[in-house]
Amino acid sequence: MKHWLLKSEPDTFSYSHLATAPDRRTVWDGVRNYQARNILRDEICQGDLIFFYHSSCKQPAIVGICRATRTGIADPSQFDPASPYFDPKSSADNPRWITIEVEAVNALHPAITLKQMRTDSALQDMALLNRSRLSVQPVSDQEWQHIMSLTRSV
DNA sequence: GCCAACGTTGGC
DNA sequence: GCCAACGTTGGC
């Protein structure tokens, strides 16, 4: 099983939004970057565990864990003209944006802040620190285990 | 709000 | 296919 990291702006969709959603699940819509799409479409497998990261906020941090419950979903927002993520160049028989469904597993206490990760020698190769704009990222087994050792999931 | 990094668009 | 212009992300 591989590990991943998803970014979300908490003002838009926070970990607690996920944890209180019906079935604690949501379709991860709105990703419109091809590299991120390729990871969602080709690499994340059902059952994979994923860090939930809060970006563009006061304290950027990994705040929870979720699990990929379904894969290969055509992002419904690409077909919705009222959505900011509408893509007129996409079609139902050849959807451009493929995503996953995720389910909340646990919040992390404490959350692991970006600041803390930046100063942790075990985490210097993290994509988060080096490919900071990518909104769907791989997390190595070592990085995952290390971060888990710094916190407890509740 | 600023701005660096970097992805995308479109003219040529 | 190049690359300048432009748009977006996201930390600070």
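Every chain is numbered from 1, with letters handed out A, B, ... down the list of sequences. Just so it is clear, the model here is predicted, and its values are computed rather than measured.
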Between A:Trp144 and A:Phe51, does the ring centroid distance fall short of 6.0 Å?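 Yes, the ring of A:Trp144 comes within the 6.0 Å limit of the ring of A:Phe51, centre to centre.
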Do A:Tyr53 and A:Trp4 have their ring centres less than 6.0 Å from each other?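 No, the ring centres sit 6.0 Å or more apart.
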Rounded interatomic separation in angstrom, taking [atom1] from [X] and [atom2] from [N]:
X	N	atom1	atom2	value
A:Gln35	B:dT8	CD	C1'	13 Å
A:Arg32	B:dT9	CZ	P	12 Å
A:Glu9	C:dC12	CD	C1'	15 Å
A:Leu134	C:dG11	CG	P	13 Å
A:Lys89	B:dG10	NZ	C1'	10 Å
A:Arg131	B:dC6	CZ	P	8 Å
A:Asp87	B:dT9	CG	C1'	14 Å
A:Leu129	C:dT9	CG	P	20 Å

Is the shortest side-chain N to carboxylate O distance from A:Asp48 to A:Lys2 below 4.0 Å?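 Salt bridge: no.
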May I ask you to say whether A:Arg24 pairs ionically with A:Glu103, meaning some side-chain N is under 4.0 Å from a carboxylate O?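 No salt bridge links A:Arg24 with A:Glu103.
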Output yes when at least one side-chain N/O atom of [X] is less than 4.0 Å from OP1 or OP2 of [N], else no.
X	N	value
A:Tyr53	C:dT9	no
A:Arg133	B:dC3	no
A:Lys7	C:dT9	no

Counting side-chain heavy atoms from CB outward, which of C:dC12, B:dG7, C:dG10 is closest to A:Arg118?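 Per side-chain heavy atoms of A:Arg118, the pick is C:dC12.
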